[in-house]
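Atoms within a ligand are numbered from 1 in the order they appear, just like the ligands themselves.
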Amino acid sequence: MDKNKALDKVKPHLTEHRYIHTLGVTEKAVELADKTGIDRKQAELAAIFHDYAKFRSKEEMRGIIRKQEWDKNFINYGDELLHAPAGAFLVNKEIGIEDEEILSAIFWHTTGKAKMNTLEKILFLADYIEPNRIFPGVDEVRKTAEKNIDHAIVMALRNTIVFLMKKNQRVFPQTLYAYNDMIEKIKNQSNIGG
Ligand code: DGI
Ligand code: FE
Ligand code: FE
């Protein structure tokens, strides 16, 4: 599917703000794909559709998750998590995307997971640092991403975990596994930053 057709398909499902965010994630994901040598069309499509389910009803998304053989923690760890797995399901059913790598990157884009492949990492990071994001700490992660993608992902995971902890919210187990896994990967590298 070409870029403009994909954008036309996702647009009616998003607010203007979320559409602008999606354009930013797409730009960043393609840039990171080129940097890491993975397929830029795959990164582009994953980015365009990553928040496809963002505005579906919580009940619809919970219903989808309940019916699949997926980690039921997605239902119990905060409603913000629902749109990622539900989105992967709906992008397949309604848009017809069958590329399992794209669907997996969408599935894990909010929480991350242990042993992320390059496409999963790129979408996770692009979602966090796309140019329209303005939350505290994002510039530092952006700068680090220019030098080392794995280090930037550790920072993004750490920021999210600390953010949740400060609000007394539980942290989805796979987010902690992602953090542990990435820390192990970068153990022998320096300049984690932050
Ligand atoms: O959909 P976006 O806003 O573009 O970004 P996203 O899919 O990364 O969702 C961000 C939200 O998800 C933010 O409110 C924090 C929340 N979140 C991320 N990881 C976890 C989490 N919430 C819980 N409860 N547990 C997590 O591990
Ligand atoms: Fe999202
Ligand atoms: Fe997003």
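Around atom 26 (C) of ligand 1, the closest heavy atom drawn from Asn159, Val171, Leu164, Thr110 belongs to Leu164. Of the listed options Glu80, Gln169, Gln174, Glu130, Glu80 places a heavy atom closest to atom 13 (C) of ligand 1. Distances from atom 17 (N) of ligand 1 to the heavy atoms of Asp51, Leu81, Leu123 put Leu81 nearest.
A ring pair (Phe, Tyr, Trp, His ring centres under 6.0 Å) with Phe107 is found for one member of Trp70, Phe124, Phe89 and no other, namely Trp70. The side chain to side chain contact (heavy atoms under 4.5 Å, CB included) with Leu45 is formed by just one residue from the set Ile106, Ile102, Ile95; it is Ile102.
Ligand 1 has an N or O atom lying under 3.5 Å from an N or O atom of Arg133, backbone or side chain. At a 3.5 angstrom cut-off on N or O pairs, Tyr77 counts as close to ligand 1. Among the atoms of Phe172, some N or O lies under 3.5 angstrom from an N or O of ligand 1. In terms of polar-atom proximity, defined here as any N/O pair under 3.5 Å, Thr160 makes no such contact with ligand 1.
Here Arg18 has side-chain heavy atoms under 4.0 Å from ligand 1, and that is the only part of it that gets that close. Contacts between Ile161 and ligand 1, counted as non-hydrogen atom pairs separated by less than 4.0 Å, are absent for every part of the residue. With a 4.0 Å cut-off on non-hydrogen atoms, Arg170 touches ligand 1 through its backbone and not its side chain. Contacts with ligand 1 closer than 4.0 Å are made by no heavy atom of Val25, backbone or side chain.
With the Fe ion (ligand 3) as the vertex, atom OD2 of Asp51 and atom NE2 of His21 span an angle of 100° (nearest 10 degrees). Here His109 contributes NE2 and His83 contributes NE2, and at the Fe ion (ligand 2) these two atoms make an angle of 100°, given to 10°.
Set against the non-hydrogen atoms of His21, the atoms of ligand 1 under 4.0 Å away are 4 (O). Remark: ligand 1 atoms within the under-4.0 Å shell around heavy atoms of His109 are 7 (O). The atoms of ligand 1 that sit less than 4.0 Å from any heavy atom of His83 are 1 (O), 7 (O). Residue contact check: Thr175 has heavy atoms under 4.0 Å from atoms 26 (C), 27 (O) of ligand 1. Against a heavy-atom cut-off of under 4.0 Å, Asp127 is close to the following atoms of ligand 1: 4 (O), 5 (O), 6 (P), 7 (O), 8 (O).
Put simply, the side chain of Lys11 never gets that close to the backbone of Glu16: no donor and acceptor are under 3.5 Å apart. With Asp2 contributing its side chain and Lys5 its backbone, the two residues share a donor-acceptor pair below 3.5 Å. Between the Asn132 side chain and the Ile20 main chain, a donor and an acceptor come within less than 3.5 Å of each other. Checking side-chain atoms of Thr36 against main-chain N and O of Ala33 turns up a donor-acceptor pair under 3.5 Å. Judged by distance alone, the side chain of Thr175 and the main-chain N or O of Val171 form no donor-acceptor pair under 3.5 Å.
No continuous path of hydrophobic side-chain contacts links Val162 to Ile186 [ILVMFWY only; heavy atoms under 4.5 Å].
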_CA sep, side-chain torsions, deciding dist, call: Lys28, Asp127, salt bridge (Lys or Arg N to Asp or Glu O under 4.0 Å)_ = CA-CA 8 Å; Lys28 213 11 126 179; Asp127 189 25; over 6 Å; no
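Atom 15 (C) of ligand 1 has its closest protein heavy atom at Phe163 CE2, 4.1 Å. Protein heavy atom nearest atom 1 (O) of ligand 1, with residue, atom name and distance: Lys54 NZ, 2.7 Å.
Aromatic ring centres of His50 and His83 lie farther apart than the 6.0 Å criterion allows. Here the two rings, on Phe74 and Trp108, have centers that are under 6.0 Å apart. The ring of Phe135 has its center no closer than 6.0 angstrom to the ring center of Phe163.
In this pair, Phe172 and Tyr77 present their aromatic rings perpendicular. The plane angle is above 60°, beyond the 30 to 60° band.
Nearest to the Fe ion (ligand 3), among the N, O or S atoms that Asp127 has, is OD1.
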